[in-house]
Amino acid sequence: MRQVRKKKNIVQLFLLLSLIFCSCSSNEDDGVTAPYDASKPIEIKDFTPKKGGGQMQMIIYGSNFGTDPKLISVKVGGKDAIVISAKGTSLYCVTPNKCYEGTVEVSIRESKAFAKEKFIYERQKVVTTVYGHKDERGNYDVADGTFAESFEKNHGLLNPTWLSFDPNSDNKILYLAQDGQPMRIIDLENKRISTGLTNTGTTLTRMRTIAWTAKGDTMVIANDGGGPNDRDENFASTVFVTRENNFQKDVQVLAIGKQCNGAALHPVNQELYYNNFSRGNLYRYDFLTYGAGVEASTLNREFICTIQDSNWEFNITMHPSGNYAYLVVKNQHYIMRMNYNWESKTFGTPYLICGGVSQAGWLDGVGASARLSSPYQGIFVKNQAYVAEGKEDQYDFYFCDRDNHAIRVLTPEGIVTTFAGRGSTSVDGKPEGYINGAIRADARFNKPVSLAYDEKNDVFYIGETGNNLLRKIALEELEEEPEEGK
């Protein structure tokens with residue numbers, strides 16, 4: 001019995017060795033494991049993909065590549081690609097950024113080969129720095145001046161908590177509310193930043209959010225003043241300034257209320273919605289009917305609801321159609337939706353759309369399964385794929401997820417994904433930092449809180465409280481950017 005088993009094992013071993021030998025012989029015949037032969041030319045037969053951006057996986061097919069990636073140089077569009085591995089008849093590499101010219105070239109010592117086709121480079125969205133720089137100790141000054149001066153003189157943003165385009169500026173002027181600090185005016189055309197509206201010490205104490213009337217001639221600012229035991233009528237929940245005064249003086253009370261974290265105007269009917277922090281209340285005020293001021297708003301503001309509990313800090317963002325709004329609950333890590341009743345001209349009871357109440361975390365997912373960590377400002381962005389599909393709701397909601405150091409996306413169906421940030425994981429394994437580059441592969445943020453979108457040019461602007469910078473997300477520039485903007 002033992003002899004039979006022994007013979008059987010020998011036969012099995014022989015068959016296994018035969019298979020290995022045949023396999024090796026076959027591979028050698030195919031050139032897969034053959035070393036580079038300097039007496040023979042190298043050849044490129046094909047490559048894939050044929051188009052794309054930087055940092056993409058590319059496979060080049062050919063012959064006589066050898067098996068030592070250290071000997072091989074690959075260029076795409078005249079720029080060095082990272083060679084990962086070689087198997088004689090194929091190369092695996094990573095495309096370089098901004099390889100616009102597209103020629104695919106393989107060099108091994110003195111031998112070179114060129115692909116017949118060119119790689120078609122598609123510009124990718126990247127994160128760059130628009131304004132701000134710190135010295136080697138992390139120090140910076142808050143000062144007016146040009147964007148270029150901010151890199152040279154170490155200027156930064158103190159607390160960039162809310163960004164809003166002047167609706168009549170053709171996306172050239174951004175207003176920045178800095179919690180408890182003066183407003184900053186960002187001139188994107190002339191690349192300058194200056195100081196705008198300052199706190200009055202009485203009527204205006206702590207700017208939180210910015211909204212605009214339909215004609216864009218009046219700026220409405222959420223003002224966070226008072227404490228939980230103060231009377232509402234002693235504080236302005238919202239104030240307004242006009243274009244006539246260059247949005248810099250003659251601050252007037254729109255509605256009363258203490259501890260207002262966020263305020264928004266309905267985009268069609270223009271009534272005002274604002275909150276109270278310590279009570280978690282949401283109010284509605286029709287100032288077009290009753291007028292602005294302490295007395296009128298005290299008598300005529302309407303209580304809508306309380307969300308969850310007291311001490312809930314949230315802001316309000318209106319959908320462009322006016323059909324619904326999101327309540328972004330910053331200190332409890334979730335987002336609610338409330339639908340608009342066009343007959344009664346008010347919003348209904350809000351309900352959870354994504355995240356978990358008091359459950360901080362980072363997890364892409366659907367609805368309550370997703371996890372957020374201190375979401376801040378968000379904006380609605382039209383999705384052209386939805387337009388092509390004829391969807392009723394054509395907008396995604398992009399928002400800053402502060403303590404996850406990322407920009408996230410919420411679809412109308414409640415699906416949350418990560419759009420930008422948390423890249424370069426090989427550097428130190430941390431999600432936060434200051435790194436520019438491809439939006440997911442490279443880029444890192446440090447506590448992004450404010451967000452604006454230039455639809456005309458498809459550019460996002462981000463204010464960070466951790467890095468004290470203004471960053472942007474846009475397609476790569478065709479020309480190399482200056483060192484300070486990398």
Side-chain angles (χ1 to χ4, degrees), residues 97-98 123-179 181-198 207 210 246-248 377 379 400 407 420-421 433-439 442-486:
N97 292 323
K98 300 183 179 181
R123 292 162 64 195
Q124 59 183 323
K125 286 188 174 180
V126 295
V127 176
T128 57
T129 302
V130 176
Y131 177 92
H133 189 267
K134 296 180 181 180
D135 66 19
E136 61 277 3
R137 296 183 179 180
N139 299 318
Y140 68 96
D141 295 319
V142 177
D144 294 349
T146 66
F147 294 175
E149 287 173 339
S150 74
F151 300 108
E152 299 164 1
K153 299 179 180 180
N154 301 318
H155 294 165
L157 305 172
L158 184 56
N159 200 4
T161 50
W162 197 269
L163 281 165
S164 183
F165 274 107
D166 179 339
N168 296 345
S169 72
D170 195 28
N171 296 337
K172 295 175 182 177
I173 301 293
L174 265 174
Y175 283 90
L176 173 64
Q178 300 186 121
D179 191 351
Q181 304 296 322
M183 187 174 289
R184 309 301 299 280
I185 304 170
I186 302 168
D187 185 338
L188 297 170
E189 183 176 35
N190 296 304
K191 299 183 178 180
R192 295 187 61 87
I193 189 167
S194 58
T195 302
L197 183 67
T198 58
M207 305 179 205
I210 299 170
N246 204 27
F247 307 121
Q248 294 196 52
Q377 186 177 6
I379 48 173
C400 291
I407 310 301
Y434 173 43
I435 299 175
N436 286 326
I439 57 175
D442 302 320
R444 286 200 200 175
F445 300 102
N446 193 340
K447 298 187 182 301
V449 293
S450 55
L451 187 65
Y453 180 63
D454 174 1
E455 183 177 20
K456 178 181 177 181
N457 298 298
D458 189 21
V459 179
F460 294 86
Y461 292 93
I462 304 105
E464 297 172 273
T465 57
N467 286 324
N468 306 105
L469 304 172
L470 181 68
R471 315 276 289 280
K472 76 174 181 179
I473 298 173
L475 286 175
E476 295 168 301
E477 299 290 338
L478 288 174
E479 299 296 329
E480 294 291 339
E481 295 176 352
E483 186 68 26
E484 64 268 19
K486 288 187 177 179

Nearest heavy-atom pair of [X] and [Y]: which atoms, and what distance?
X: V126; Y: E476; answer: CG1-CG, 3.6 Å
X: P448; Y: C400; answer: O-CB, 3.3 Å
X: V459; Y: A474; answer: CG2-CB, 3.8 Å
X: A420; Y: I473; answer: CB-CD1, 3.7 Å
X: S150; Y: G132; answer: OG-N, 3.0 Å
X: G466; Y: K447; answer: N-CB, 3.8 Å

Using the side-chain hydrogen bond (donor to acceptor under 3.5 Å, both in side chains) criterion, which residues pair with [X]? Sequence neighbours excluded.
X: S169; result: none
X: E464; result: N467, R471
X: T465; result: none
X: N468; result: K134, Y140

Measure the shortest side-chain to side-chain distance between [X] and [Y] over non-hydrogen atoms and say whether it is less than 4.5 angstrom.
X: I193; Y: L157; value: yes
X: I186; Y: L188; value: yes
X: T146; Y: K191; value: no
X: L469; Y: Y131; value: no
X: F165; Y: Y461; value: yes
X: D179; Y: W162; value: no
X: S450; Y: T161; value: no
X: I185; Y: T195; value: no

Hey, does the side chain of [X] reach the backbone of [Y] with a donor-acceptor pair shorter than 3.5 angstrom?
X: N446; Y: G433; value: no
X: Q178; Y: L158; value: yes
X: D187; Y: E189; value: yes
X: Q377; Y: L163; value: yes
X: R184; Y: L176; value: no

Nearest 0.5 Å, what's the [atom1]-[atom2] distance between [X] and [Y]?
X: S164; Y: I379; atom1: OG; atom2: CD1; answer: 10.5 Å
X: R192; Y: F147; atom1: CZ; atom2: CZ; answer: 10.0 Å
X: Q248; Y: M183; atom1: CD; atom2: CE; answer: 9.5 Å
X: L174; Y: L470; atom1: CG; atom2: CG; answer: 7.0 Å
X: Y453; Y: I462; atom1: OH; atom2: CD1; answer: 12.0 Å

- Partner set under ring-ring contact (aromatic ring centres under 6.0 Å, His included) for F247, not counting sequence neighbours: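 ring-ring contact (aromatic ring centres under 6.0 Å, His included) list for F247, sorted by chain: Y175, W212.
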
- Query: Do N436 and T129 have a side chain donor and acceptor closer than 3.5 Å?
  - Reply: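 Judged by distance alone, the side chains do pair up.
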
- Message: For the residue pair Q124 / N97, report whether a side-chain donor-acceptor contact shorter than 3.5 Å exists.
- Response: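 Short answer, yes.
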
Taking NZ, NE, NH1 and NH2 as the nitrogens, is one of them in [X] or [Y] under 4.0 Å from a carboxylate oxygen of the other?
X: D458; Y: K125; result: yes
X: D170; Y: K456; result: yes
X: K172; Y: D166; result: no

- Query: With sequence neighbours left out, what residues match N154 under side-chain contact (heavy atoms from CB on, under 4.5 Å)?
  - Reply: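 Per chain and number, N154 pairs via side-chain contact (heavy atoms from CB on, under 4.5 Å) with H133, D135.
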
